[in-house]
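Lettering of chains follows the sequences in order, A, B, ..., and the numbering in each one begins at 1. Hydrogens, waters and symmetry mates play no part in the numbers below; they use all other heavy atoms, side chains included.
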There are 2 protein chains.
Amino acid sequence: MHTVLIADDHMLIRDSLRQLIESLEGFTVVDDVDNGFDALVAIKKLQPSLILLDVAMPDASGIEVVIDTQRWSPDTKIIIYTGVTSGTRLKQLLDCGVDGLFFKHSDTRYLRDGINAVAEGRTAFDDKLADIIAGLEAADNLTAREKQVLSQILSGHSTRDIASYLNISVKTVDNHRTHIMRKLGTHSVSDLMRLAINTGLIDLDAP
Amino acid sequence: MHTVLIADDHMLIRDSLRQLIESLEGFTVVDDVDNGFDALVAIKKLQPSLILLDVAMPDASGIEVVIDTQRWSPDTKIIIYTGVTSGTRLKQLLDCGVDGLFFKHSDTRYLRDGINAVAEGRTAFDDKLADIIAGLEAADNLTAREKQVLSQILSGHSTRDIASYLNISVKTVDNHRTHIMRKLGTHSVSDLMRLAINTGLIDLDAP
DNA sequence: CAAAAAATAGGGTAAATACCCTATTTCGCG
DNA sequence: CGCGAAATAGGGTATTTACCCTATTTTTTG
């Protein structure tokens with residue numbers, strides 16, 4: 001039996017995904033959550049065989065959840081299910097090595113097939129993804145940790161808050177900040193914000 | 001019997017809304033569409049008693065659909081169901097006189113109640129809407145100069161740059177910053193940025 | 001395994017920020 | 001006219017950033 005965790009901030013979607021998954025042979029939904037933080041807690045505790053993850057969620061973005069999942073529950077397969085089609089953001093997820101990615105726009109049949117494929121150890125990606133990635137210039141030399149810190153900065157957290165959240169020293173976060181700024185050619189938080197908005201790194205519809 | 005048309009570009013949402021509505025007493029879904037153009041065609045032809053409308057759709061935006069609906073099918077009640085929380089857009093919709101507005105983040109129970117309310121001729125709005133509108137109005141309380149300074153801050157300029165640009169003292173700009181922060185209830189540039197994004201003070205569609 | 005890269009953490013410093021306060025001038029409006 | 005709001009400007013301070021540096025421990029990788 002494959003155990004599945006659903007993470008999406010829209011209740012309607014969570015309920016629908018639950019129905020969809022439990023209609024499949026050999027799958028059971030063990031939990032569903034509406035934010036990134038709860039997702040991480042649930043993943044560490046339940047170690048599900050598969051998570052269905054929205055990119056745009058409060059508290060911890062999809063990418064943070066992916067990275068932490070790979071760290072704390074390395075056998076868990078990850079499928080992204082998203083309405084976002086911003087290339088940069090999606091490419092980051094691919095670079096992190098997610099096992100599947102589907103768009104909410106697409107027919108749910110593709111998602112259904114994808115869930116089965118990923119559960120069997122294969123990868124499965126929406127057909128539209130190739131086109132999106134093809135039109136992208138990969139200006140993404142940030143390390144995973146740096147991306148995580150950047151995401152926190154963009155969420156409005158101070159260096160101290162981030163250090164506390166990640167359980168590392170303020171000085172370490174400060175170093176990450178410096179490296180991020182250098183790599184992205186920015187010199188202030190507002191520079192970072194604008195770059196993030198323009199490249200779609202930031203989720204504009206986050207509540 | 002209330003006839004309902006569903007317009008949303010996500011198939012999963014369309015299906016879920018259809019289920020939700022048909023579980024209600026006295027409602028039937030007459031059609032569902034995934035873009036604004038098809039929505040208008042269907043509305044003119046079917047003259048449904050109620051439409052459930054996403055703001056962000058291909059071909060014709062939510063606001064266009066609302067205006068044309070009121071013109072060609074004036075008895076049709078309109079409920080917006082959206083993931084977008086950008087203030088200015090939402091305010092436009094309110095100003096157009098939609099009958100209800102709910103967020104995809106919220107519990108579906110509110111939507112269910114809202115559909116019943118609107119079908120009975122009342123209006124129904126998500127509780128969170130009040131906060132967003134409040135943010136907009138708070139921004140409206142800024143003086144002309146403060147708005148000008150805010151705009152510069154959001155464009156990524158430092159206090160010194162702004163002072164130089166406006167030919168005033170750094171200290172004056174600093175005072176304006178303090179007043180802006182106080183009026184908007186924010187405490188950092190990133191707070192300001194996020195508020196600006198959420199209320200639509202920043203044009204998110206700028207390429 | 002050895003080299004390279006990343007993550008960790010600390011010592012510094014100059015600048016910028018987020019507030020507190022008072023005080024002057026300017027200008028529209030009842 | 002005069003009141004009050006707005007804009008101007010400065011004093012002061014605690015905190016935060018941005019960035020320089022070295023250095024150790026992991027992790028990754030050839």
So does [X] get a side-chain nitrogen or oxygen closer than 4.0 Å to the phosphate oxygens (OP1/OP2) of [N]?
X	N	result
B:Arg177	C:dA18	yes
B:Arg160	C:dA15	no
B:Thr159	C:dT17	yes

Short question: side chain of [X], backbone of [Y] - any donor-acceptor pair under 3.5 Å?
X	Y	answer
A:Ser155	A:His157	no
A:Thr28	A:Thr3	no
B:Asp126	B:Phe103	yes

Contacts of type salt bridge (charged side-chain N to carboxylate O under 4.0 Å, His left out), residue A:Lys44, not counting sequence neighbours
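Scan of A:Lys44 (salt bridge (charged side-chain N to carboxylate O under 4.0 Å, His left out), adjacent residues dropped) gives none.
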Length of the [atom1]-[atom2] vector between [X] and [N], whole Å:
X	N	atom1	atom2	result
A:Arg145	C:dA5	CZ	C1'	16 Å
B:Ile180	C:dT17	CD1	P	12 Å
A:Lys147	C:dA6	NZ	C1'	13 Å
A:Leu150	C:dA6	CG	C1'	17 Å
A:Ile67	C:dA6	CD1	C1'	13 Å
B:Asp191	C:dA18	CG	C1'	12 Å

Quick check on DNA chain D: between B:Lys171 and B:Asn141, whose nearest nucleotide comes earlier from the 5' end?
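Upstream on the strand: B:Asn141.
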Contact class for [X] (heavy atom, under 4.0 Å): base, sugar-phosphate, or nothing?
X	answer
B:Val170	nothing
A:Ser158	sugar-phosphate
B:Ser169	sugar-phosphate
A:His187	sugar-phosphate

Does a side-chain heavy-atom distance below 4.5 Å link A:Asp15 with B:Ser16?
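Contact flag for A:Asp15/B:Ser16 side chains = no.
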Whether the A:Asp161 and A:Gln152 side chains hold a donor-acceptor pair (N or O, under 3.5 Å, no angle test) is what I'd like checked.
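Side chains of A:Asp161 and A:Gln152: no pair found under 3.5 Å.
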So which one's nearest nucleotide on DNA chain C is more toward 5', B:Ser188 or A:His179?
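Result of the comparison: A:His179.
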Under a criterion of less than 4.0 angstrom to any heavy atom of chain A, what are the 5'-terminal and 3'-terminal contacting nucleotides of DNA chain D?
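First-to-last contact on DNA chain D, by the 4.0 Å heavy-atom rule, is D:dT16 to D:dC21.
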If you count the non-hydrogen atoms of other residues, nucleotides and ligands that lie under 6.0 Å from OH in A:Tyr110, is the total more than 12?
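12 or below, so no.
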